[in-house]
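Some notes on the structure that comes next.
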4 protein chains.
Amino acid sequence: MRIKDDIKQEALFKATVKLVNEIGFVSSSVSKIANEANVSPATLYVYYKNKEDLLVSTYIDIKQKFSRAVLKNFGNNLPIRDILRNVWFSMFKYASRHPEYFKFTEQFANSPYNSLVNKEEVEKYFDPMINMMQKGIEQKIIKDVNVDLLMAFMFYPIMGLSNARSCKNFEINDDNIETAFTMAWDAIKL
Amino acid sequence: MRIKDDIKQEALFKATVKLVNEIGFVSSSVSKIANEANVSPATLYVYYKNKEDLLVSTYIDIKQKFSRAVLKNFGNNLPIRDILRNVWFSMFKYASRHPEYFKFTEQFANSPYNSLVNKEEVEKYFDPMINMMQKGIEQKIIKDVNVDLLMAFMFYPIMGLSNARSCKNFEINDDNIETAFTMAWDAIKL
Amino acid sequence: MRIKDDIKQEALFKATVKLVNEIGFVSSSVSKIANEANVSPATLYVYYKNKEDLLVSTYIDIKQKFSRAVLKNFGNNLPIRDILRNVWFSMFKYASRHPEYFKFTEQFANSPYNSLVNKEEVEKYFDPMINMMQKGIEQKIIKDVNVDLLMAFMFYPIMGLSNARSCKNFEINDDNIETAFTMAWDAIKL
Amino acid sequence: MRIKDDIKQEALFKATVKLVNEIGFVSSSVSKIANEANVSPATLYVYYKNKEDLLVSTYIDIKQKFSRAVLKNFGNNLPIRDILRNVWFSMFKYASRHPEYFKFTEQFANSPYNSLVNKEEVEKYFDPMINMMQKGIEQKIIKDVNVDLLMAFMFYPIMGLSNARSCKNFEINDDNIETAFTMAWDAIKL
DNA sequence: GATGAATGAGTGTTCATTCAT
DNA sequence: CATGAATGAACACTCATTCAT
């Protein structure tokens, strides 16, 4: 028998991300995706149970890649501000290196498919961040407010700024990221 | 000749928002929307050139309603911080009173339809905000950074916090909004 | 607006029966049926909810036509044997005039679709028959056995004999039908 | 060279019958059948030329099993009526012991596949029955009518009565079979 | 012999849009 | 203006079968 071909699965992943970026969620049909991956539509169903599975799997894949990249130099002993700064930089770097992942993620998160992913599984990747925030609160370094609030000021601005569509005048370079982080830190620090 | 029926147009607007909220962009077909509005699919084409026109118009409509609500008590002579605070509150209030508009907006903005709207037309509603920011910079009240940056810290956190999906533990009430605004202000103030 | 066209529905009915006869239930796809009826597959869905609805409706239609034809000269005052004989003749005549209805019916009844029809609705057409049988039992003309048994000997032989496939040597003419009825009557009479 | 595996063939036979019974002819795909038999779809093609071959072979298999069971105590010297009675009982017993064979047979016989089986080969199993009928005619015990007619009254009622679907009130037990046979005999006896 | 991967051709169904009234 | 009927094109998905191992 033939061996299941990782190349094909990878091609499908890439084709999915690419097409969703280019023509959007709505128009990204199974056959277009398969075509883009140089694979028969029927073959797609060897690797994924159905379209939903394809999209959800792709989303989770991206989230994993992202959290792995962002949190890799995390557990060290620097002061909280420096750790957050590192994370912030990693995120920006990753976002500007893989804007296509970001765009896919945004479309996915704003679609009904989003309700199909096991939130806890995805969110647990970010648990270290939350723990760090809590530690900061205890140490009276960070404002003692709802953690969701802290996260909102730490992450949502990044999403906005990384989105070329909505931020045309903001160039992503080290100086600007530094400035942006200062603002984020001002928002959450005590 | 009968006159185009505003009631029908309004029904179509509401049906579009409702359906996109309930079943998502992908599944919201013209005939379902027409059905929901108790109107024939053919009638929809009396009021809108095509599906794209329907969605784009609905989006612009929402953006207008929003900016009108937010900016209505804007041009007064309060200190900058108070004005921004008012705007911030208006936004939150509007967002929590019309979550369906927010959800529609998010789905739309993350779809290829978004590229079809005349950005300048939409953004001009927010020109007063930008002017205010610039005034704040001149007065050395607000950080002298790229305006996009200021806007990112003023608006994106709201989107995150208003989104019940991503912020389950953050209850929207006056105290919490006040706290959140303080953070936003800390981020941008000099 | 255009008027719904009874001719199209009739064409679909005929096309369904014809195709099921010619290529069988399994191969009779929606598009082939629509094609045969000179109608777009999409149009079929104007008249029927889905394939299941098409087949079930066609089946019920045939059953109705059949029972109407068979029972039309039923409620008269002839002796039971004569009434049954009339019915028997009507059935044979109908079956040989519309073999395509018979074949469709058989394929349908032996398919999983069969479980979707409301049996009671279909069977009520044959209630007069059952009542007659019961009257015959009371009058000591017909054997006092389970009605299902009586029906089995009254109807199943007809199905076999009407089926050109299984009965190649039995010519359907008045003499032969008479003979056959005599046998059926011998089976059930006391 | 390995030897074709009778166990696998048997498993495929059983899976075919089971699936056709459970989900019907239309939905019984090759891969589902292979799956049910715990065998790869490709393996199925080692044992059968194609799907048609699988179904036709299964049908012929069943017919053989059936005729073997029914005719096994046939060639003895009892009176015709007793022999027929034995056959009749055997049939009922077999039918109620193997309803899945019956259901498969009915679906198959009412499908276009049926035209693919060599009728003479199948029918020859029932030649002894036909010979017996002819002997009965010569001996003036059985009505001198077309043999197809005699067979229709001998067999079709059994099919109806064995079909749980169409005969809900007829319980299959020795007394009832006896009664039924009496009716069949009344139908054909002189 | 045995198999999972692979696929072109087809499935039933819905789509955005136009037509005829 | 208003509409249900009509449809070609596309949809997600499954099929029977073959391929490569």
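Note on naming: letters A, B, ... go to the chains in the order of the sequence lines (proteins, then strands), and numbering restarts at 1 for each one.
Residues A/Val117 and A/Phe108 form a side-chain contact, since some pair of their non-hydrogen atoms from C-beta on lies under 4.5 Å apart.
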Let me check something: any side-chain donor-acceptor pairs from residues 58-66 of chain B under 3.5 Å, sequence neighbours excluded? List them with distances.
from    : atom 1 : to       : atom 2 : distance (Å)
B/Thr58 : OG1    : B/Leu54  : O      : 2.6
B/Gln64 : NE2    : B/Tyr125 : OH     : 2.7

Give every donor-acceptor pair under 3.5 Å between a side-chain atom in residues 10-20 of chain D and any protein atom, sequence neighbours left out.
from    : atom 1 : to      : atom 2 : distance (Å)
D/Thr16 : OG1    : D/Leu12 : O      : 2.7
D/Lys18 : NZ     : D/Glu36 : OE2    : 2.8

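A/Gln9 has its CD atom 18 Å from the P atom of E/dG4, to the nearest Å. Computed from coordinates, the B/Lys51 NZ to E/dA16 P distance equals 4 Å when rounded to whole Å. Counting to the nearest Å, the P atom of E/dA6 and the OH atom of A/Tyr48 are 13 Å from each other. Between D/Tyr45 atom OH and E/dT3 atom C1' there is a gap of 14 Å when expressed in whole angstrom units. Straight-line distance from the NZ atom of B/Lys32 to the P atom of F/dC11: 16 Å, rounded to whole Å. Taking atom CD1 on A/Ile7 and atom P on E/dA6, their separation rounds to 11 Å, with Å as the unit. Rounded to a whole Å, the CG atom of C/Leu44 is 12 Å from the P atom of E/dT14. Whole-Å rounding puts the A/Asn35 CG to F/dC11 P distance at 10 Å.
Heavy atoms of D/Ser29 sit under 4.0 angstrom from primed sugar atoms or phosphate atoms, though from no base atom. Among the heavy atoms of the strands lying under 4.0 Å from B/Val30 is at least one base atom, whether or not backbone atoms are also near.
Listed pair D/Lys8 / E/dA2 meets the phosphate criterion, a side-chain N or O lying under 4.0 Å from OP1 or OP2. Look at B/Tyr47 and you'll find a side-chain N or O under 4.0 angstrom from OP1 or OP2 of F/dA2.
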Dot-bracket line, read 5' to 3' along DNA chain E, where crossing pairs take [ ] and | marks a partner on another strand, Watson-Crick or G-U under 3.5 Å: .||||||||||||||||||||
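If D/Thr43 and A/Asn38 are placed on DNA chain E by their nearest nucleotide, the residue sitting closer to the 5' end is D/Thr43. In this structure, D/Ser40 and B/Asn50 both approach DNA chain E, and ranking their closest nucleotides by distance from the 5' end singles out D/Ser40.
Contact record, C/Phe25 with C/Gln107: N-OE1, 2.9 Å, taken as the closest heavy-atom pair.
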